[in-house]
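These numbers come from a predicted model, not from an experiment.
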Amino acid sequence: MPWLYLTLAGCLEIVWASFMKKSAGFTLLVPSIITLVTMIASFSLLALAMRSLPLGTAYTVWTGIGAIGAFAVGVLWMGEAVTPLRLLAALLILSGIVLMKLSGAEH
C-alpha cells in the first residue's frame, strides 16, 4: 500500500506543479485553488507512504515522479523545448526512480 500512496502522491505533484504554472504566480483563482488542494493531498499521501518507506526512497521517488511528469506536461501541453540533453536528463531521473524501487530498501 505505501507504494500506491507514493505513486498517487507523485501524480498529484505533477498536477499541482502544472497548475502552479497556470496560476500565474497565484493571481488566478481556480488554478491557485487546484494547486493548493492537490499539494495538500500530495503531501498527505507522501506522509502516509513514509510510515513504511525510508525517507530517502520515498522522497526521491516522489520528486522523481513529479519531475518526469512535469517535464512531460511541459513538453506535451505547454510547448516547452525537447532537446537531446533534456531527454537524457529525464531518462537519468527515471533510471534513479527505478533503481530506488529495485533497491528493496523498505526499512
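When side chains are defined from C-beta on, T57 counts as touching W3, because their heavy atoms get closer than 4.5 Å.
Connection of V61 to L91 is not established within any shared hydrophobic cluster, with ILVMFWY side chains joined at heavy-atom distances below 4.5 Å, either directly or through further cluster members. In the hydrophobic clustering of ILVMFWY residues, with side-chain heavy atoms under 4.5 Å counting as a link, V75 and W77 come out apart. A single hydrophobic cluster is not seen to contain both L48 and W16; linkage of ILVMFWY side chains at heavy-atom distances under 4.5 Å, directly or through other members, places them apart. L76 and L94 fall within the same hydrophobic cluster, where Ile, Leu, Val, Met, Phe, Trp and Tyr residues are linked whenever their side-chain heavy atoms come under 4.5 Å apart, directly or through other members. No chain of hydrophobic side-chain contacts below 4.5 Å, direct or via other Ile, Leu, Val, Met, Phe, Trp or Tyr residues, connects I34 to I14.
Taking CD1 from I93 and CG from L88, the interatomic distance works out to 10.0 Å, rounded to the nearest 0.5 Å. Rounding to the nearest 0.5 Å places OG1 of T7 at 8.5 Å from NZ of K101. Separating the OG1 atom in T60 from the CG atom in L6 is a distance of 10.0 Å, to the nearest 0.5 Å. Atom OG of S44 sits about 7.0 Å away from atom CD1 of I40, to the nearest 0.5 Å. Note that CD1 of I97 is 12.0 Å distant from CG of L102, once rounded to the nearest 0.5 Å.
The neighbour count for F71 CZ, taken as heavy atoms of other residues, nucleotides or ligands under 6.0 Å away, is above 12. Within a 6.0 Å radius of CG in L92, other residues, nucleotides and ligands contribute more than 12 heavy atoms.
Taking the six-membered ring where tryptophan is involved, the planes of F43 and W62 are tilted, since the angle between them lies from 30° to 60°.
A90 approaches I68 most closely through the heavy-atom pair O-CD1, 2.9 Å. Here the closest heavy-atom approach between residue L46 and residue A9 is recorded as N-CB, 3.7 Å. Considering all non-hydrogen atoms of both residues, E13 and S42 come closest at N-OG, 3.7 Å. Residues I65 and C11 come closest through the heavy atom pair CG2-N, 3.9 Å.
Side chain of S52 to backbone of A49: no donor-acceptor contact under 3.5 angstrom is found. Put simply, the side chain of T35 gets close to the backbone of M20: a donor and an acceptor are under 3.5 Å apart.
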Checking Y5 against M50 for the side chain to side chain contact (heavy atoms under 4.5 Å, CB included) test, could you report, in this order, the C-alpha distance in whole Å, the side-chain angles of both residues, the deciding distance, and whether it holds? CA-CA 9 Å; Y5 293 148; M50 283 183 168; over 6 Å; no
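With I33 as the partner, the side-chain contact (heavy atoms from CB on, under 4.5 Å) test is satisfied by one option alone out of V30, L29, L36: L29.
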